[in-house]
2 protein chains.
Amino acid sequence: MPIWEYDWAMARAATTTDAFNAVAEPRRRQILQLLAQGERPVGELADLTELAQPVVSKHLRVLREVGLVTVQEQGRQRVYRLNVAPLREIQSWLASFEQLWQERFDAMDSVLEDLQRQEKGQGQ
Amino acid sequence: MPIWEYDWAMARAATTTDAFNAVAEPRRRQILQLLAQGERPVGELADLTELAQPVVSKHLRVLREVGLVTVQEQGRQRVYRLNVAPLREIQSWLASFEQLWQERFDAMDSVLEDLQRQEKGQGQ
DNA sequence: TTGACGTATGCCTATATGGGAATACGATTG
DNA sequence: CAATCGTATTCCCATATAGGCATACGTCAA
């Protein structure tokens, strides 16, 4: 069973295919990290990343398309906010290697127990 | 400060740049999952993935270059084995979103720190 | 209105990809 | 030795990038 369909010549999956592809680009990762500290307008992201504004806008478009960020129009600026949800896809994929993450396994149990004990869970 | 250097026209980071890029390709992810269940020769991977052997060999090359797999020559076949180490880069990046994450993310992260404190990466 | 601001979009180029096909190459077998 | 197996490599192509630059677009201030 093929993993996905394509007409022809799938040189490389589009960056907007999923979180995996979107996040493969270092600058996009950087932007996400910045947004992790709070929402920010495009210009601010451009300053912080030292990237030209159009470049940032393009990266944000990709991130938007995979749902990693959301926009809110505020006056003439667009404030971007991080949405970690799509990262879950990656996280769960990584989780499938848990067992091979040898040492981790033991420690995992105890920590998990702690978590379950404290568990707050505030929706997502 | 720029994240990385390039002469010109960096269309897209090479797939062999890091685990992020290598793993962005779905078939490569599939191969890794298969190897998670045990080492396997190329032919077997080709069968299981229903990909042509040359295609598999190419993917394996990429995975090899980022250290996600290692080979062992056995007679005329090459047995590939998974090496999760490089996945840590991804894991720790994800960990930086801990606070914004709700569930068991913390667990993995703390264990990760332990790992990094203890052993010094061995793969290459 | 006009102009400035904040952002998005369009056009451009070089690039390396993923897969198909053919073939090269080393190891094994006869 | 030759033939075959298991795998890697090469050549081919269409593709969509990432960034530079210019510009379009909507919002706000005079």
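Here is how names work: the chains are called A, B, and so on, in the same order as the sequence lines, proteins then strands, and each is numbered from 1. What you see is a predicted model; the values in this text were computed from it and never measured. Atom set for the values below is all heavy atoms of this structure, side chains included, hydrogens, waters and symmetry mates excluded.
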Q.
So A:Y80 and A:I31, do their side chains get closer than 4.5 Å, heavy atoms only?
A.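 With C-beta onward as the side chain, the pair stays apart.
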Is a donor on one side and an acceptor on the other found under 3.5 Å between the side chain of [X] and the backbone of [Y]?
X: A:R28; Y: A:A22; result: yes
X: B:T49; Y: B:L45; result: yes
X: B:N21; Y: B:T16; result: no

Whole-Å distance separating the [atom1] atom of [X] from the [atom2] atom of [N]:
X: B:L51; N: C:dG20; atom1: CG; atom2: C1'; value: 12 Å
X: A:R28; N: D:dG19; atom1: CZ; atom2: P; value: 8 Å
X: B:L63; N: D:dA8; atom1: CG; atom2: C1'; value: 15 Å
X: A:D47; N: C:dT7; atom1: CG; atom2: C1'; value: 13 Å
X: A:R61; N: D:dA18; atom1: CZ; atom2: P; value: 12 Å
X: B:L60; N: C:dG18; atom1: CG; atom2: P; value: 13 Å
X: B:E65; N: C:dA16; atom1: CD; atom2: C1'; value: 13 Å
X: A:E44; N: C:dG6; atom1: CD; atom2: C1'; value: 13 Å

[X] side chain: which of [options] is closest?
X: A:S57; options: C:dG18, D:dT7, C:dA8; answer: C:dA8
X: A:K58; options: D:dG19, D:dT7, C:dT15; answer: D:dG19
X: A:Q77; options: C:dA14, C:dG18, C:dG6; answer: C:dG6
X: A:P41; options: D:dT15, D:dT17, C:dT7; answer: C:dT7

Q: List the steps, then state whether salt bridge (Lys or Arg N to Asp or Glu O under 4.0 Å) holds for A:D18 with B:R29.
A: CA-CA 13 Å; A:D18 51 31; B:R29 255 175 277 148; 3.8 Å; yes
Distance below 4.0 Å between [X] side-chain N/O and [N] OP1 or OP2:
X: A:T15; N: D:dT17; result: yes
X: B:Y80; N: D:dA8; result: yes
X: B:H59; N: C:dT17; result: no
X: A:R12; N: C:dT15; result: no

**Q.** Protein proximity profile, nucleotides 23-30 of chain D - base contact B, sugar-phosphate-only contact S, no contact -, cut-off 4.0 Å on heavy atoms
**A.** ----BB--
Q: Please report the C-alpha distance between A:R81 and A:Q72 in whole Å, then the side-chain angles of each, then the deciding distance to 0.1 Å, and finally whether the side-chain contact (heavy atoms from CB on, under 4.5 Å) criterion is met.
A: CA-CA 8 Å; A:R81 179 183 306 194; A:Q72 194 190 347; 3.8 Å; yes
Q) Quick one: do A:V56 and A:V79 end up in the same hydrophobic cluster if we chain Ile, Leu, Val, Met, Phe, Trp and Tyr together by side-chain heavy atoms under 4.5 Å apart? A)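 In one cluster: no.
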